[in-house]
Amino acid sequence: MITQGVFIADRYEVIDRVGSGGMSDVYRAKDHILGREVAIKILKQEFSEDATFVAKFRTEAQSAAGLEHPNIVNIYDVGSENGMYFIVMEYVEGITLKTYIEKKGQLNFKEAISIAIQVGRGIEAAHQKGIIHRDIKPQNIIISTEGKVKVTDFGIARAASSNTIHADVMGSVHYSSPEQARNGFVDGKSDIYSLGIVMYEMVTGRVPFDGDNTVAIAIQHLQEEMVAPSAYAPDLPISLEKIILKATMKSPDRRYGTISDMLMDLKRALVRPDEDFVTIVDSSDLGKTRVMPKVAQEPEETITKRAAEALTFVDDEYDEEDYDDEYYDEYDDDDYDDEEDDSKMDKILTISGIVAGIAIVIILVAILGNMFGLFKFGSKKVEMIDVVGSQYEEAIEDLTELGLDEEKNIVVMYESSDEADGTVIYQSVEAGEEFSLSDSLRLTVSGSEDSESEDSSDSDSSSTSSQSTTTETEEDAVTVPNVVGLTQAEATKLLDEKSIVVGTVTQEYSDDVESGCVISQSVEAGEEVEANSKINLVISKGKKETTYSYSIANPYDGECTYSIAELNKSGTIPKNGSINISDVTRSELTITLTYTPTFTTEDGTTINLDNQTETSTQTVQGTLN
């Protein structure tokens with residue numbers, strides 16, 4: 001029995017029990033070596049006695065321990081003590097997405113997309129490491145008191161799925177892909193399907209398939225068509241509905257190819273929610289060569305930036321009552337026995353959730369806004385007027401009266417249209433929005449620059465016309481500034497002021513240029529280019545850190561423990577097993593292995609022969625990644 005004050009692995013002091021689920025009990029503990037709070041998930045006895053499950057569990061948990069991402073609950077350590085197997089994880093105060101949905105009913109589309117993007121980023125990081133979650137569900141998605149979304153239990157689902165464990169104990173079949181239901185091949189597209197079902201539940205408040213037992217639900221995943229989410233959420237934008245429908249196609253080939261593709265569409269849906277841009281492949285077209293319609297693609301950086309602008313949080317999105325459950329509960333049928341024990345934690349989460357959530361959102365919006373040039377602190381701001389439909393000269397006159405400087409604040413582009421030449425057909429800042437007088441306003445005018453010159457010449461003498469044409473030609477040529485060494489935001493602002501557009505942005509490692517700054521520009525500084533020309537930038541990813549991988553085998557005839565001083569890492573290696581550690585910045589590690597032989601008596605009692613304990617310490621060279 002684990003009680004308050006008990007030490008696990010001579011390091012983790014149990015503070016209190018914070019949750020219980022079908023597989024494990026979870027405790028809040030103090031790590032006395034690193035001085036931080038952690039969560040310890042301890043396997044229940046019935047699973048600890050299954051040697052096959054334990055071996056698989058350790059392997060997968062240790063693999064998942066290599067994942068480090070802001071949207072993943074990090075695993076710090078995996079170990080065992082006296083037949084008790086445990087995982088040490090990052091401690092996060094918050095509630096599960098399941099509880100959040102139950103309290104709010106249906107989430108608005110911006111909030112649902114925000115959560116889906118954060119979950120998708122965590123899944124993307126895992127897929128890049130070759131790890132498939134296999135059990136994406138709202139119960140495994142945590143909303144912290146700071147408003148950050150994190151995914152938990154990476155790697156554990158794979159260990160459990162390889163053993164005969166009842167479906168009620170393992171993750172819910174409500175979110176399982178058809179290939180999982182039929183025990184078929186599972187890859188990253190299974191996680192995409194599960195995330196699609198989670199998004200369906202966020203926007204509708206219900207799961208698409210339900211039944212009296214797991215078999216009935218699994219059959220629905222395999223055979224029945226899903227009711228469109230708009231049937232329950234009439235105001236749902238078409239873009240988000242089609243993203244959900246594409247992610248939940250029964251055939252993996254009809255889903256998104258990668259989670260990264262799905263993330264791009266989610267960002268587009270924030271910017272253009274009512275645009276029908278999602279393409280769903282018809283089942284009859286699979287395997288055929290098709291000519292796709294040409295669609296104008298925005299650069300990923302532009303979409304990401306515009307998505308961040310579109311993502312506006314409302315203060316009451318995280319109500320006080322939302323923080324009255326602890327996320328570690330896995331919400332099985334027997335999970336509601338601990339409500340009284342958690343009441344103190346509920347009150348703490350309620351208060352801290354409101355204060356921290358609002359404060360951090362405001363700070364992040366301010367920092368990101370300033371980084372991307374959305375806010376210019378200290379600059380005078382005016383409320384933008386509507387000049388679309390006006391003649392260019394009238395628009396300039398009205399904007400000048402508003403306080404804008406024609407040379408500093410206004411960038412003009414020409415485009416053919418059905419409108420009369422000289423008519424403003426687009427303005428980059430809409431009427432009613434705040435505009436900083438240190439920013440640039442882009443106007444798109446119908447016609448061409450040549451036609452503007454001709455209009456001017458009609459009202460002047462031939463000599464004046466010649467002079468005007470010469471002057472305008474000179475104004476069209478701009479000198480390229482030097483942006484090497486500037487941050488991407490600073491470079492974009494400077495080029496924008498010079499009427500130069502940032503084109504393709506790529507990233508490279510650099511030993512000399514700080515991360516986030518410009519390494520090179522496609523047109524050298526000092527050269528003359530036409531106004532509104534595009535210049536490509538190469539941005540530094542910083543120094544490429546050299547990393548090493550290690551594989552440490554158990555040389556003993558039985559289970560042994562290991563400790564790595566440089567990484568402050570320890571655990572157990574099963575008989576004939578090994579551990580693999582990757583992404584280590586040190587070229588060598590000092591490994592200490594400890595083995596205690598055991599003796600089994602006639603009555604089956606196992607006795608540790610402590611007086612025969614063997615300890616070996618060795619320096620191991622890493623393999624360069």
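For the pair R206 and Y200, the cation-pi criterion (under 6.0 Å, within 45° of the ring axis) is not fulfilled. By the 6.0 Å and 45° rule, K137 does not stack over the aromatic ring of Y175. Geometrically, R272 engages F277 in a cation-pi contact defined by less than 6.0 Å to the ring centre and at most 45° from the axis.
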Yes or no on side chain to side chain contact (heavy atoms under 4.5 Å, CB included) for I117 and V119, after CA distance, side-chain angles and deciding distance?
CA-CA 5 Å; I117 287 175; V119 173; over 6 Å; no

Could you walk me through whether D261 and T258 pass the side chain to side chain contact (heavy atoms under 4.5 Å, CB included) test, one step at a time?
CA-CA 5 Å; D261 296 336; T258 65; 3.2 Å; yes

Verify side chain to side chain contact (heavy atoms under 4.5 Å, CB included) between I244 and L240, making sure each step is shown before the conclusion.
CA-CA 6 Å; I244 293 172; L240 182 53; 4.3 Å; yes

Does S190 form a side chain to side chain donor-acceptor pair (under 3.5 Å) with E179? I'd like the steps, not just the answer.
CA-CA 8 Å; S190 298; E179 56 268 29; 2.8 Å; yes

Could you go through K541 and E508, starting from their C-alpha distance and side-chain angles, then the distance that decides it, and tell me whether this counts as side chain to side chain contact (heavy atoms under 4.5 Å, CB included)?
CA-CA 6 Å; K541 294 167 66 176; E508 293 180 3; 5.6 Å; no

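Side-chain contact check for K148 versus P70: some heavy-atom pair is nearer than 4.5 Å. Side-chain contact check for H127 versus I132: some heavy-atom pair is nearer than 4.5 Å. Using a 4.5 Å cut-off on side-chain heavy atoms (C-beta onward), L97 and I142 make no contact. Contact check for I75 versus L67: no side-chain heavy atoms found under the 4.5 Å cut-off. The side-chain heavy atoms of V38 and E90, taken from C-beta on, include no pair separated by under 4.5 Å. I8 places a side-chain heavy atom less than 4.5 Å from the side chain of F86. V151 places none of its side-chain heavy atoms less than 4.5 Å from the side chain of N71. At least one side-chain heavy atom of D265 sits less than 4.5 Å from a side-chain heavy atom of R268.
Put simply, CG on N568 and CZ on R11 are 4.5 Å apart, with the number rounded to the nearest 0.5 Å. Here CD1 of I192 is found 5.0 Å from CD1 of I259. Values are rounded to the nearest 0.5 Å. Of the inter-residue distances, the one linking T152 atom OG1 with M89 atom CE reads 5.0 Å to the nearest 0.5 angstrom. The structure places CD1 of I115 at 5.0 Å from CG of L107, a figure rounded to the nearest 0.5 Å. If you take CG on D153 and CD1 on I87, they are separated by 7.5 Å, rounding to the nearest 0.5 Å. Rounding to the nearest 0.5 Å places CD of E241 at 3.5 Å from OG of S230.
For E514, the CD atom is loosely surrounded, since the number of other residues' heavy atoms within 6.0 Å does not exceed 12.
Minimum heavy-atom separation, S144 to V92: CB-CG1, 3.7 Å. Smallest separation of non-hydrogen atoms from A29 and I40: CB-CD1, 3.7 Å. Shortest non-hydrogen contact noted between P237 and D274 is CB-OD1, 4.0 Å. Across all non-hydrogen atoms, the minimal contact from I141 to V198 is CD1-CG1, 4.1 Å. Minimum heavy-atom separation, V26 to K41: CG2-CE, 3.9 Å. When all heavy atoms are compared, the tightest approach of A116 to L195 is O-CD2, 4.2 Å.
Within the 3.5 Å criterion, the main-chain N or O of V149 finds a donor-acceptor partner in the side chain of Q118. In this structure, the side chain of T248 does not engage the main chain of G196 through any donor-acceptor pair within 3.5 Å. Within the 3.5 Å criterion, the main-chain N or O of I95 finds no donor-acceptor partner in the side chain of T99. Looking at K242, its side chain does come within 3.5 Å of a backbone N or O of V278 through a donor-acceptor pair. Proximity of a side-chain donor or acceptor of K250 to a complementary backbone N or O of H221 within less than 3.5 Å is detected. Panel note: side chain N140, backbone D135; a donor-acceptor pair is recorded below 3.5 Å. Here the side chain of R255 pairs a donor or acceptor atom with the backbone of M249 at under 3.5 angstrom.
No hydrogens or angles considered: a donor-acceptor pair under 3.5 Å links the side chains of N580 and S551. Counted by atom type alone, E124 and S260 present one or more donor-acceptor pairs between their side chains at under 3.5 Å. Side-chain contact annotation: S80 with T572, donor-acceptor N/O pair under 3.5 Å present. Q106 and T204 share no donor-acceptor pair across their side chains, judged by distance under 3.5 Å alone. Residues Y76 and D31 have side chains that never bring a donor and an acceptor to within less than 3.5 angstrom of each other. If you check the side chains of Y193 and Q180, you find no donor sitting under 3.5 Å from an acceptor. Between the side chains of Y12 and D77, at least one donor-acceptor pair of N or O atoms lies under 3.5 Å. A donor-acceptor contact closer than 3.5 angstrom is absent between the side chains of D191 and S194.
The side-chain contact (heavy atoms from CB on, under 4.5 Å) test with M262 is passed by exactly one of K246, M199, K267: M199.
Salt bridge status for E37 with R28: present, with a side-chain N to carboxylate O gap under 4.0 Å.
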